[in-house]
Amino acid sequence: MSRQINQDELSQDRATIKSLAKEVAAKKTAADKESDATKKEALQHTWLEAFKDLNDRQDAIQHRDEAPQDLQVCKQSLADAQQERQHLQADQKAMTTAREHLATLTDQLSATQRKQAAVRQ
(Lines give C-alpha, C1' and ligand atoms only; values in the text may rest on other atoms or scores of the structure.)
Protein backbone atom coordinates (compact mmCIF):
# COMPACT_ATOMS: atom_id res chain seq x y z
CA MET A 1 0.00 0.00 0.00
CA SER A 2 2.88 2.30 0.62
CA ARG A 3 3.66 1.98 -3.04
CA GLN A 4 0.13 3.15 -3.89
CA ILE A 5 0.42 6.16 -1.55
CA ASN A 6 3.68 7.05 -3.12
CA GLN A 7 2.09 6.87 -6.56
CA ASP A 8 -0.82 9.04 -5.39
CA GLU A 9 1.55 11.49 -3.76
CA LEU A 10 3.68 11.46 -6.86
CA SER A 11 0.67 12.16 -9.10
CA GLN A 12 -0.47 14.93 -6.81
CA ASP A 13 3.04 16.40 -6.72
CA ARG A 14 3.16 16.30 -10.52
CA ALA A 15 -0.21 18.07 -10.74
CA THR A 16 0.98 20.70 -8.26
CA ILE A 17 4.19 21.16 -10.22
CA LYS A 18 2.23 21.54 -13.48
CA SER A 19 -0.10 24.05 -11.86
CA LEU A 20 2.81 26.02 -10.43
CA ALA A 21 4.63 25.87 -13.76
CA LYS A 22 1.54 27.25 -15.56
CA GLU A 23 1.25 30.02 -12.96
CA VAL A 24 4.95 30.89 -13.31
CA ALA A 25 4.66 30.85 -17.11
CA ALA A 26 1.58 33.13 -16.97
CA LYS A 27 3.36 35.54 -14.63
CA LYS A 28 6.44 35.50 -16.86
CA THR A 29 4.31 36.17 -19.94
CA ALA A 30 2.59 39.07 -18.16
CA ALA A 31 5.95 40.42 -16.98
CA ASP A 32 7.37 40.07 -20.50
CA LYS A 33 4.39 41.91 -21.98
CA GLU A 34 4.75 44.67 -19.39
CA SER A 35 8.49 44.78 -20.05
CA ASP A 36 7.85 44.87 -23.80
CA ALA A 37 5.39 47.75 -23.36
CA THR A 38 7.89 49.63 -21.19
CA LYS A 39 10.65 48.97 -23.72
CA LYS A 40 8.36 50.06 -26.57
CA GLU A 41 7.48 53.27 -24.72
CA ALA A 42 11.15 53.95 -23.99
CA LEU A 43 12.07 53.29 -27.63
CA GLN A 44 9.29 55.59 -28.84
CA HIS A 45 10.52 58.34 -26.53
CA THR A 46 14.11 57.79 -27.65
CA TRP A 47 13.03 57.79 -31.31
CA LEU A 48 11.02 60.98 -30.84
CA GLU A 49 13.97 62.74 -29.18
CA ALA A 50 16.31 61.53 -31.94
CA PHE A 51 13.83 62.73 -34.58
CA LYS A 52 13.61 66.17 -32.95
CA ASP A 53 17.40 66.33 -32.76
CA LEU A 54 17.65 65.35 -36.42
CA ASN A 55 15.16 68.07 -37.39
CA ASP A 56 17.11 70.64 -35.35
CA ARG A 57 20.33 69.60 -37.05
CA GLN A 58 18.74 69.72 -40.50
CA ASP A 59 17.42 73.21 -39.77
CA ALA A 60 20.87 74.32 -38.58
CA ILE A 61 22.48 72.86 -41.70
CA GLN A 62 19.90 74.55 -43.94
CA HIS A 63 20.46 77.91 -42.21
CA ARG A 64 24.21 77.43 -42.49
CA ASP A 65 23.87 76.53 -46.17
CA GLU A 66 21.62 79.55 -46.79
CA ALA A 67 23.94 81.96 -44.96
CA PRO A 68 26.30 82.53 -47.93
CA GLN A 69 23.31 83.25 -50.18
CA ASP A 70 21.86 85.62 -47.57
CA LEU A 71 25.24 87.31 -47.29
CA GLN A 72 25.43 87.67 -51.07
CA VAL A 73 21.95 89.23 -51.16
CA CYS A 74 22.98 91.66 -48.40
CA LYS A 75 26.17 92.57 -50.24
CA GLN A 76 24.20 93.18 -53.43
CA SER A 77 21.68 95.32 -51.55
CA LEU A 78 24.53 97.33 -50.03
CA ALA A 79 26.13 97.80 -53.46
CA ASP A 80 22.77 98.89 -54.90
CA ALA A 81 22.26 101.34 -52.02
CA GLN A 82 25.76 102.77 -52.48
CA GLN A 83 25.18 103.18 -56.22
CA GLU A 84 21.84 104.88 -55.56
CA ARG A 85 23.56 107.19 -53.05
CA GLN A 86 26.16 108.12 -55.67
CA HIS A 87 23.38 108.89 -58.19
CA LEU A 88 21.60 111.02 -55.61
CA GLN A 89 24.81 112.88 -54.78
CA ALA A 90 25.41 113.49 -58.50
CA ASP A 91 21.81 114.69 -58.89
CA GLN A 92 22.23 116.98 -55.87
CA LYS A 93 25.46 118.40 -57.32
CA ALA A 94 23.74 118.94 -60.68
CA MET A 95 20.85 120.70 -58.93
CA THR A 96 23.27 122.94 -57.06
CA THR A 97 25.07 123.77 -60.31
CA ALA A 98 21.72 124.45 -62.02
CA ARG A 99 20.66 126.76 -59.15
CA GLU A 100 23.95 128.63 -59.39
CA HIS A 101 23.57 128.95 -63.16
CA LEU A 102 19.95 130.09 -62.72
CA ALA A 103 21.08 132.68 -60.17
CA THR A 104 23.72 133.92 -62.62
CA LEU A 105 21.15 134.12 -65.44
CA THR A 106 18.73 135.92 -63.12
CA ASP A 107 21.46 138.43 -62.21
CA GLN A 108 22.29 138.91 -65.92
CA LEU A 109 18.62 139.38 -66.77
CA SER A 110 18.23 141.90 -63.98
CA ALA A 111 21.31 143.76 -65.16
CA THR A 112 20.02 143.75 -68.75
CA GLN A 113 16.61 144.98 -67.62
CA ARG A 114 18.26 147.77 -65.62
CA LYS A 115 20.33 148.79 -68.68
CA GLN A 116 17.24 148.79 -70.89
CA ALA A 117 15.37 150.86 -68.33
CA ALA A 118 18.26 153.28 -68.11
CA VAL A 119 18.41 153.57 -71.92
CA ARG A 120 14.66 154.32 -72.10
CA GLN A 121 14.96 157.14 -69.66
Side-chain angles (χ1 to χ4, degrees):
M1 186 102 177
S2 67
R3 185 168 169 89
Q4 188 66 27
I5 293 174
N6 287 340
Q7 282 297 340
D8 288 341
E9 286 178 5
L10 185 60
S11 292
Q12 191 164 358
D13 287 344
R14 283 184 182 155
T16 302
I17 289 170
K18 277 186 182 181
S19 174
L20 289 174
K22 284 181 183 179
E23 186 179 333
V24 167
K27 286 183 179 179
K28 183 181 183 314
T29 300
D32 287 349
K33 285 181 182 178
E34 186 177 320
S35 177
D36 287 347
T38 303
K39 286 177 187 175
K40 183 178 179 182
E41 184 178 322
L43 284 173
Q44 285 175 340
H45 178 74
T46 301
W47 180 84
L48 182 61
E49 290 301 316
F51 184 72
K52 286 178 183 178
D53 186 48
L54 177 62
N55 279 340
D56 291 345
R57 288 174 189 241
Q58 285 176 332
D59 287 346
I61 288 169
Q62 183 174 354
H63 291 306
R64 186 185 68 214
D65 289 347
E66 291 171 355
Q69 295 168 353
D70 293 344
L71 179 61
Q72 190 61 37
V73 168
C74 289
K75 284 180 179 179
Q76 185 60 47
S77 294
L78 178 61
D80 292 346
Q82 288 172 335
Q83 189 175 16
E84 182 64 25
R85 181 174 174 248
Q86 288 173 349
H87 289 303
L88 289 172
Q89 286 174 335
D91 290 347
Q92 185 178 21
K93 188 175 180 180
M95 290 285 286
T96 301
T97 303
R99 281 189 190 112
E100 290 170 353
H101 185 63
L102 180 60
T104 303
L105 290 175
T106 303
D107 290 346
Q108 289 174 352
L109 178 61
S110 294
T112 304
Q113 287 174 343
R114 280 192 302 271
K115 286 180 185 177
Q116 285 177 351
V119 169
R120 284 186 197 150
Q121 289 178 356

Asker: More than 12 non-hydrogen atoms from neighbouring residues, nucleotides or ligands closer than 6.0 Å to CD on Glu41, yes or no?
Answerer: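 No - once you tally the heavy atoms of other residues, nucleotides and ligands closer than 6.0 Å, there are 12 at most.
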Asker: For the atom pair CG (Leu109) and CZ (Arg114), what is the distance rounded to the nearest 0.5 Å?
Answerer: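 Rounded to the nearest 0.5 Å, the CG-CZ separation comes to 9.5 Å.
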Asker: Within this structure, what is the CD-OG1 distance for the pair Gln44 and Thr46, rounded to the nearest 0.5 Å?
Answerer: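 It comes to 10.0 Å.
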Asker: Determine, stepwise, if the pair Leu54 / Gln58 fulfils side-chain contact (heavy atoms from CB on, under 4.5 Å).
Answerer: CA-CA 6 Å; Leu54 177 62; Gln58 285 176 332; 4.1 Å; yes
Asker: Not counting sequence neighbours, which residues clear side-chain hydrogen bond (donor to acceptor under 3.5 Å, both in side chains) with Arg57? List them please.
Answerer: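 Only Asp53 meet the side-chain hydrogen bond (donor to acceptor under 3.5 Å, both in side chains) criterion with Arg57.
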Asker: Which residues pass the side chain to side chain contact (heavy atoms under 4.5 Å, CB included) test with Leu102, not counting sequence neighbours?
Answerer: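 With neighbours one apart ignored, the set is Thr106.
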Asker: In Å and rounded to the nearest 0.5 Å, what is the NE2 to OG1 distance from His101 to Thr97?
Answerer: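 Here the interatomic distance stands at 10.5 Å.
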Asker: Inspect the surroundings of CD in Glu49 and state if more than 12 heavy atoms from other residues, nucleotides or ligands are less than 6.0 Å away.
Answerer: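 Buried by this count: over 12 neighbours within 6.0 Å.
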Asker: Could you state the interatomic distance from NZ (Lys27) to CD (Glu34), rounded to the nearest 0.5 Å?
Answerer: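 Spacing of NZ (Lys27) from CD (Glu34) equals 13.5 Å.
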Asker: Taking only Lys NZ, Arg NE, NH1 and NH2, and the carboxylate oxygens of Asp or Glu, determine whether Lys52 and Asp56 approach each other closer than 4.0 Å.
Answerer: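 So Lys52 does not pair with Asp56 through a salt bridge.
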Asker: Roughly how far apart are Asp91 CG and Glu84 CD, rounded to 0.5 Å?
Answerer: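 One finds 8.5 Å between CG of Asp91 and CD of Glu84.
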Asker: To the nearest 0.5 Å, what is the distance between CG (Leu48) and CG (Leu43)?
Answerer: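 Rounded to the nearest 0.5 Å, the CG-CG separation comes to 12.5 Å.
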Asker: State whether the side chain of Ser19 and the backbone N or O of Ala15 hold a donor-acceptor pair below 3.5 Å, judged by distance alone.
Answerer: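 No, Ser19 side chain to Ala15 backbone: no donor-acceptor pair under 3.5 Å.
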Asker: With a cut-off of 6.0 Å (strictly less than), are more than 12 heavy atoms of other residues, nucleotides or ligands near CD of Gln116?
Answerer: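 Check passes, neighbour count above 12.
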Asker: Taking atom CD of Gln12 as the centre, report whether more than 12 heavy atoms of other residues, nucleotides or ligands fall under 6.0 Å from it.
Answerer: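 Check fails, neighbour count at 12 or below.
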